[in-house]
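Below is one structure, written out as structure tokens; comments come after it.
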2 protein chains.
Amino acid sequence: MSDRQPDTTPPASDPAPGPASAPRGAAFLLAQIGAHAAGRFAERVGDLGLTPADVGLLRMIAGRPGRSQRALAEDLGVVPSRVVTLIDSLEGKGLVERRRSAEDRRNHELHLTAEGRRTLGAVSRKAAAHEDDLLAALDPAQRAQLLDLLERVATQQELTPGVHPGYRTLQKSPRSGRPE
Amino acid sequence: MSDRQPDTTPPASDPAPGPASAPRGAAFLLAQIGAHAAGRFAERVGDLGLTPADVGLLRMIAGRPGRSQRALAEDLGVVPSRVVTLIDSLEGKGLVERRRSAEDRRNHELHLTAEGRRTLGAVSRKAAAHEDDLLAALDPAQRAQLLDLLERVATQQELTPGVHPGYRTLQKSPRSGRPE
DNA sequence: TATTGTTATACTCTATAACTATA
DNA sequence: TATAGTTATAGAGTATAACAATA
């Protein structure tokens, strides 16, 4: 990587090969650290046979047992058919149970099984260890400070508590250029 | 959502339907805000016809012009064939140029075109607006504080400056419980 | 024979839409 | 006819591996 290029390569293009290219802002760091955190968390819950989406589902069902798949899909911002797949998997693992609603037999009321609750407990321990590792660089005061700042940002950005955008399909750049 | 369920549905499962389900930690917020930030950034650069991965490539090429695709793949943690696709797209848009290396003609040296540099300038403006929106809840002092905390975390976690984990495939949980 | 880049193939994931059963 | 859930199909994205050119 030196500069001994023969006359076949015109000196043409490169003007300022250094700065301006490495993003240094907090927004980039948030995205970078966020993706890193999500990946590490995925590894950890992977040990339990779960994906992060599974965990999200378990938490939502635990928080409001008996809700329907449709309601769940709405809250998560995903399409109902995806909930079918996710619940299939959780039911197959014996963590979630579908119960036909007696009021409206089209509905499935979702509940955790006993093992589902145990698993959710294990997830909580994984999450605690994860947080501790992720923030190893910060002392308790700094962690509190970070939490405070992040909560301000999340609130102002109107992020739904407990709902991870990763559950729904990333909005790919809507398509290059034209308006809808 | 009332509690008039007939005897067909045993009161069985749900014990503590409330807390324990909504994650409140900084790690979750980092992942949530990070995904949100990435999504919003994707929208913005989508206006320029670019994906976030495109932007990352442009930045790396700008930072070190002339590098080979293989080196790029290594630094990004992606497979070389993916770099082919990405560069194809950028070259098709006239932003990047492949030049046969005179030293080793197997190599392609990558360079930005003049338009590529202009586009990167536009990206920087998008990024600045993005950051400003994302951190609208914080005053300048708080933003500096956040940046400081995030940098500590990124350093301790050994995150490569400028390299977004989203460029490479998320490590799916290596196995989902049972060996298939 | 080893290495750079490319192409071809297969796999995974997810949304769309058709379908069923209840209402 | 409308709605909850399911199933079937198709599309996007990406890794794996075979391949061509150069060393």
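In what follows, chains are A, B, ... by sequence order, proteins preceding strands, each numbered from 1.
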TODO: Classify every nucleotide of nucleotides 16-23 of chain D by which part a protein heavy atom approaches to under 4.0 Å, writing B for the base, S for the sugar-phosphate alone and - for neither, in 5'-to-3' order.
DONE: BB----BS
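Pairs engaging residues 65-101 of chain B under the ring-ring contact (aromatic ring centres under 6.0 Å, His included) rule: none recorded [sequence neighbours left out]. Applying the ring-ring contact (aromatic ring centres under 6.0 Å, His included) rule to pairs touching residues 116-145 of chain B yields B/Phe41-B/His130, sequence neighbours excluded.
With sequence neighbours left out, the side chain to side chain contact (heavy atoms under 4.5 Å, CB included) criterion links B/Ala129 to B/Arg44. In this structure A/Arg105 satisfies the salt bridge (charged side-chain N to carboxylate O under 4.0 Å, His left out) test with no other residue, sequence neighbours excluded. Partners of B/Arg70 according to the side chain to side chain contact (heavy atoms under 4.5 Å, CB included) rule, which considers only residues two or more places apart in sequence or in another chain, are B/Ser68, B/Glu74.
Along DNA chain D, the nucleotide nearest B/Thr85 and the nucleotide nearest A/Ala71 are compared for position; the residue whose nucleotide lies closer to the 5' end is A/Ala71.
Contact annotation: the side chain of A/Leu150 approaches that of A/Leu146 to within less than 4.5 Å [non-hydrogen atoms, C-beta and beyond].
Protein atom CD of A/Gln69 is 17 Å distant from nucleotide atom P of D/dT3, rounded to whole Å. Straight-line distance from the CD atom of A/Glu74 to the C1' atom of D/dG5: 15 Å, rounded to whole Å. For the pair B/Asp88 CG and D/dG13 P, the computed distance is 15 Å after rounding to whole Å. For the pair B/Glu109 CD and C/dG5 P, the computed distance is 10 Å after rounding to whole Å. Atom NE2 in A/His108 sits about 10 Å away from atom P in D/dT7, given to the nearest Å. Distance CG (A/Leu72) to C1' (D/dA4): 13 Å, rounded to an integer number of Å. For the pair B/Arg99 CZ and C/dG5 C1', the interatomic distance rounds to 18 Å; values are reported in whole Å. Regarding A/Arg70, its CZ atom lies at a distance of 14 Å from the P atom of D/dA2, rounded to whole Å.
A sub-4.0 Å separation between OP1 or OP2 of C/dG5 and a side-chain N or O of B/Asn107 is present. OP1 or OP2 of C/dT6 has at least one side-chain nitrogen or oxygen of B/Arg98 nearer than 4.0 Å.
Between A/Lys93 and A/Asp88 there is no salt bridge, since no side-chain N of the basic residue sits under 4.0 Å from a carboxylate O of the acidic one.
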